[in-house]
Student: 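Questions regarding the structure given below will be posed in turn.
Residue numbers start from 1 in every chain, and the chains themselves are labelled A, B, ... in the order their sequence lines are given, proteins ahead of strands.
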2 protein chains.
Amino acid sequence: MPVVLAMRKTPAGSVDQVDTSYLETLLGYNARRVSLTVIELFTQRMAAYDLSPVDFSILSLVVHNPGITSRQICGALALLPPNLVGKISIMEKRNLLARRSHPDDGRAIGLHLTDVGERLMLKAEKTATALEHEATSRLSAAEKKTLLKLLQKLYL
Amino acid sequence: MPVVLAMRKTPAGSVDQVDTSYLETLLGYNARRVSLTVIELFTQRMAAYDLSPVDFSILSLVVHNPGITSRQICGALALLPPNLVGKISIMEKRNLLARRSHPDDGRAIGLHLTDVGERLMLKAEKTATALEHEATSRLSAAEKKTLLKLLQKLYL
DNA sequence: TATTGTTATACTCTATAACTATA
DNA sequence: TATAGTTATAGAGTATAACAATA
């Protein structure tokens, strides 16, 4: 079988089909491509709640960690404190979350969801779970489990 | 075993250990975390050649696809044309790559590496391969192969 | 002296509209 | 009419320095 013909470049020095086989051996390239693909879908679906993927992550951390501080959110999501302030202010103005004084650290502020925020996140997390199934529809349940396990081995 | 105690939150409404277990079930979160981790390392190492990870990807595409056009690079790397122009100009000024008229499309410009660019990328791709082993040192060869295969199923 | 939250600000990345020259 | 490359520019994301209040 003339594999060379299938791979062949068109005329003199022009490229027919782009060969990305080298980049595909690099983890960073693959992780970035998947990240872009999934986050684009995530962005589309979360637009219904007027939440960016990062907004969703922040609120989700507050759901599962009532009283969490800005600093802790920054640590968990690899954000910088100055870049979190505005996002929290906006979500406070939207009445999605509330700041309460921290029980045993006067410098810190504990974050909590309002009832409105709770109801929004109940729906948003359902949407995220549905989207998750969609984005991984090409994988079996076992493959998805393996994928998450391997990814977590790399950063956790 | 009192698992509840290990999971327990400190005092009234404050958070001891942040619980990220829900986010860890989401592919987008995991892919982004790995992407950030690997790209940070990539950025550090490629600084020796004064190349960003994207610069490296662009030059690598030219290495393996001499005569490739801007448009084709944009498609392969999910970049927008206006954001590629400046990068190519800079690399042309650094004498890493050259623009030549496209053999059969007067609108297009074929990109080629200069000798300087060839020599740089020979070293840079070696660095990338080494870095790759480092970043995936927690995985066996079989696990890495599986990981890349699963990631590619999601975007290719 | 160190840390939390904050402001101000700069820098980079990403996105959109519009132009030109070729097809 | 459509496409390749380009310009200008706007917007989002990411970065550092410095300050007040508290530890």
Student: Find the distance A/I109:CD1 to D/dA23:P and express it as a whole number of Å.
Tutor: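 Between P of D/dA23 and CD1 of A/I109: 12 Å.
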Student: At what distance, to the nearest 0.5 angstrom, does CD of A/E143 lie from OG of A/S140?
Tutor: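 Taking CD in A/E143 and OG in A/S140, the distance rounds to 3.5 Å.
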Student: Closer to the 5' end of DNA chain C via nearest nucleotide, is it A/R32 or A/D105?
Tutor: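 Here A/D105 is the residue nearer the 5' end.
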Student: Hey, where on DNA chain C does chain B first and last touch, going 5' to 3'? Cut-off is any atom under 4.0 Å from a heavy atom.
Tutor: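 Contacts span C/dT14 to C/dA23, reading 5' to 3'.
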Student: Over 60° means perpendicular and under 30° means parallel, so tell me whether A/F56 and A/F42 are parallel, tilted or perpendicular.
Tutor: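 Rings of A/F56 and A/F42: perpendicular, over 60°.
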Student: Look at the side chain of B/T114 and the backbone N and O of B/N95, then say whether any donor-acceptor pair between them is shorter than 3.5 Å.
Tutor: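 Yes; at least one donor-acceptor contact below 3.5 Å.
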Student: Determine yes or no for a side-chain-to-main-chain donor-acceptor pair under 3.5 angstrom, with A/T127 supplying the side chain and A/K123 the backbone.
Tutor: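 Here the side-chain-to-backbone pair exists.
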Student: Do you know which two heavy atoms are closest between B/L51 and B/R94, and how far apart they sit?
Tutor: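 Reported closest heavy-atom pair: CD2-NH1, 3.9 Å.
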Student: Have B/N30 and A/Y155 got a donor and an acceptor in their side chains that come within less than 3.5 Å?
Tutor: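 On atom types as modelled, these side chains qualify, holding a pair under 3.5 Å.
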Student: Using a 4.0 Å cut-off on heavy atoms, which residues in residues 36-54 of chain A reach DNA chain C? List them by number, or say none.
Tutor: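 Result for residues 36-54 of chain A: none.
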Student: Whole angstroms only, please: what is the CZ-P distance between A/R107 and D/dT22?
Tutor: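 It is 11 Å, rounded to the nearest whole Å.
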Student: Before accepting this row, confirm whether a basic side-chain N of the pair B/E134/B/R45 lies closer than 4.0 Å to the acidic partner's carboxylate O.
Tutor: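 Salt bridge between B/E134 and B/R45, a charged N being under 4.0 Å from a carboxylate O: yes.
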Student: Going from CD1 on B/I68 to CD1 on B/I109, what distance comes out if it is rounded to the nearest 0.5 angstrom?
Tutor: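 Reported to 0.5 Å precision, the distance equals 14.0 Å.
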Student: In residues 70-99 of chain B, what residues come within less than 4.0 Å of DNA chain D, judged by heavy atoms?
Tutor: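 Result for residues 70-99 of chain B: B/S70, B/R71, B/P81, B/P82, B/V85, B/R99, sorted by number.
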Student: Any idea which heavy atoms bring B/A78 and A/L36 closest together, and the distance?
Tutor: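 Heavy atoms of B/A78 and A/L36 come nearest at CB-CD1, 4.3 Å.
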Student: To the closest 0.5 Å, what do you measure between OG1 (A/T146) and CG (A/L139)?
Tutor: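 It is 9.5 Å, given to the nearest 0.5 Å.
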